[in-house]
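Below are the structure tokens for one structure; questions will follow.
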Amino acid sequence: MKRSEEFLERRNNVVPRGIGTFNPATAISANNATIINADGEELIDFVGGIGVLNAGHCPESVVEAIYQQAKTLMHTCFHIATYEPYLELCEKLADLFPHGEKTKVMLTNTGAESVENAIKIARQATGRSAIITFTGAFHGRSMMAMSLTSKVAYKVGCGPYAPEVYRIPYPNFYKNHQGLDEDAFVERELYRFHKTLHQMVDVSQVAAVIIELVQGEGGFVICPKGYAQGLRKICDEFGIVLIIDEVQSGFCRTGKWSAYEHYGITPDISTWAKSMGSGMPIGAVVGRADIMDAAQPGTIGGTYLGNPVCCAASIATIKFMEENNLNQRGIEVGEKCMQAFESLQEKYPEVIGDVRGLGAMVAFELVHDGDSSRPNSELCAKLLGNCAKRNTIIISAGTYKNVIRILSPLTIPDELLEKGLGIITEEFEKLMESVIA
Ligand SMILES: Cc1ncc(COP(=O)(O)O)c(C=O)c1O
């Protein structure tokens, strides 16, 4: 038996199946965009630990920062003793992501925890309880984050879910434009939002709206600019806290530090995690100081939040991103992916219904007969399986798992990126030929 197979057998034996296996890869070590599996083979990583490794696997300066910090101070709990790496990271995040006149930052361990705390803060700041969220949303697996999440496959049997969560349709232009141009579509969707405030929940009860401007797990669906700007206006008009979830889209993935920079708006609160720590468990809630300070002492926090080693990793990761101009690289990686997928779509427009992307958050959606309402999940699963056999790790997204998304490290060398894209193209063409044959 191969060692990789042995790993998977041991996994089945001791790890509960609820922790889903999205890919059969194994890993012993990794560098930049390459993983060495348990059989010593090189795998091309187009997933980056699900959007965590924008700066690549094990960047040297981050590894060194972790080592130096671990030797010096590993834990005090920030509630007990104040240490500088926490302060330095918060100051850096407040500089990168100013929210209004003065910005304050709370550190967390994960994306779900960032979302959970953003909601607690928004409720305390407004004295209201209702939260508006969207179809296709994914905000994590803690109880509140799961309640905000849309895809039922991620929450089946886990209820009852948190109350006072209201879900409205995400402005998915590709699926729902019904012949309207983007402006008319945006107008219709914003009108729907207004109606929600009369039909579902009174505005006086709404604490926050939470949105991903590019839905991650939802299939890299991009919010139209006009809609995001309209949402900002509605929130201003009615005193609703606008929370933008940047957990997957942040830190150079879209070619900017945040997705919201593409939209010319600023949220009241934003949530972060994933690529800010190169794999170390760290996240953040960034917000307007007056809103952040509304949370009573003791109502937010935790034993490990902003652990010194994780803070050091994050500070070094951000420095690496700045020094290597990773935002620019995000644009370049995105362009290469778009080109490859648009060429495929030209050949197979009936099957590749949509190719979309913001920076390096690029995806293509598989459908039947060019019909956006008929997801082709089977083809997507086959393509992923065939790429895995060729040592290329890719995962799907979307409610129906019919979207191929790319989340490779942005540091990936061109040659490796092209090789991986070539493998996807070849395997896709082979599948198409087998359908025709
Ligand atoms: C947009 C978004 N929010 C929140 C989360 C949850 O993050 P975590 O898995 O770190 O809890 C994710 C994870 O994929 C995400 O994509």
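Every number for a ligand or one of its atoms is a count from 1 in the order of the listing. For this chain, numbers begin at 1 and follow the sequence in order.
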Quiz item: Heavy atom under 4.0 Å from ligand 1: found in Ala112's side chain, backbone, both, or neither?
Solution: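 Under 4.0 Å from ligand 1, Ala112 contributes backbone and side-chain atoms.
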
Practice problem: Any atoms of ligand 1 less than 4.0 Å from a non-hydrogen atom of Glu212? List them with their elements. | Solution: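 Selected atoms, number and element: 1 (C).
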
Practice problem: Mind checking whether Glu217 contacts ligand 1 via backbone (N, CA, C, O), side chain (CB onward), both or neither, at a 4.0 Å heavy-atom cut-off? | Solution: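 Within the 4.0 Å criterion, Glu217 contacts ligand 1 through side-chain atoms alone.
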
Quiz prompt | Partner set under salt bridge (charged side-chain N to carboxylate O under 4.0 Å, His left out) for Asp45, not counting sequence neighbours | solution =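 Scan of Asp45 (salt bridge (charged side-chain N to carboxylate O under 4.0 Å, His left out), adjacent residues dropped) gives none.
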
Self-check item: Interfacing atoms of ligand 1 (cut-off 4.0 Å, heavy-atom, Thr110)
Solution: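 Per the distance check, 10 (O), 11 (O).
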
Quiz prompt | Close-contact set for ligand 1 against Gly111 heavy atoms, below 4.0 Å | solution =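 Listed by number with element: 6 (C), 7 (O), 8 (P), 10 (O), 11 (O).
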
Quiz item: Does a donor on one side chain sit under 3.5 Å from an acceptor on the other, for Asp245 and Thr271?
Solution: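 Result is yes, a qualifying pair exists.
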
Exercise. Verify the distance criterion only: is there a donor paired with an acceptor across the side chains of Thr299 and Gln296 at less than 3.5 Å?
Key: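 Thr299 vs Gln296: no donor-acceptor pair found between side chains.
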
Quiz item: Sequence neighbours excluded, which residues qualify as side-chain contact (heavy atoms from CB on, under 4.5 Å) partners of Arg374?
Solution: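 With neighbours one apart ignored, the set is His368, Asp369, Asp371.
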
Practice problem: Show which atoms of ligand 1 fall inside a sub-4.0 Å distance from at least one heavy-atom site of Gln248. | Solution: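 Answer for ligand 1: 14 (O), 16 (O).
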
Quiz prompt | Whether Asp245 lies under 4.0 Å from ligand 1, heavy atom | solution =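 Distance cut 4.0 Å: Asp245 passes for ligand 1.
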
Quiz item: Looking at Arg288 and Asp293, does any basic side-chain N land under 4.0 Å from a carboxylate oxygen?
Solution: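 A salt bridge is absent here (no side-chain N lies under 4.0 Å from a carboxylate O).
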
Quiz prompt | Pick from Val115, Leu213, Val247: the one approaching atom 5 (C) of ligand 1 most closely through a non-hydrogen atom | solution =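 Nearest option to atom 5 (C) of ligand 1, by heavy atoms: Val247.
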
Self-check item: Side-chain ion pair, Glu322 and Lys319, N-O less than 4.0 Å
Solution: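 No salt bridge links Glu322 with Lys319.
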
Exercise. Consider ligand 1: state whether an atom of it lies below 4.0 angstrom from any non-hydrogen atom of Gly216.
Key: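 Distance cut 4.0 Å: Gly216 fails for ligand 1.
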
Self-check item: Arg329/Asp414 salt bridge by N-O under 4.0 Å criterion
Solution: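 Salt bridge flag = yes for Arg329 with Asp414.
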
Quiz prompt | Within-cutoff protein neighbour (heavy atom, under 4.0 Å) for atom 7 (O) of ligand 1 | solution =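 When distances to the protein are checked, atom 7 (O) of ligand 1 has a heavy atom within 4.0 Å.
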
Self-check item: Salt bridge flag under 4.0 Å for residues Glu427 and Lys382
Solution: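 The answer is no: the pair does not qualify as a salt bridge.
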
Practice problem: Answer side chain, backbone, both or neither: which part of Lys274 comes under 4.0 Å from ligand 1, heavy atoms only. | Solution: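 For Lys274, only side-chain atoms sit under 4.0 Å from ligand 1.
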
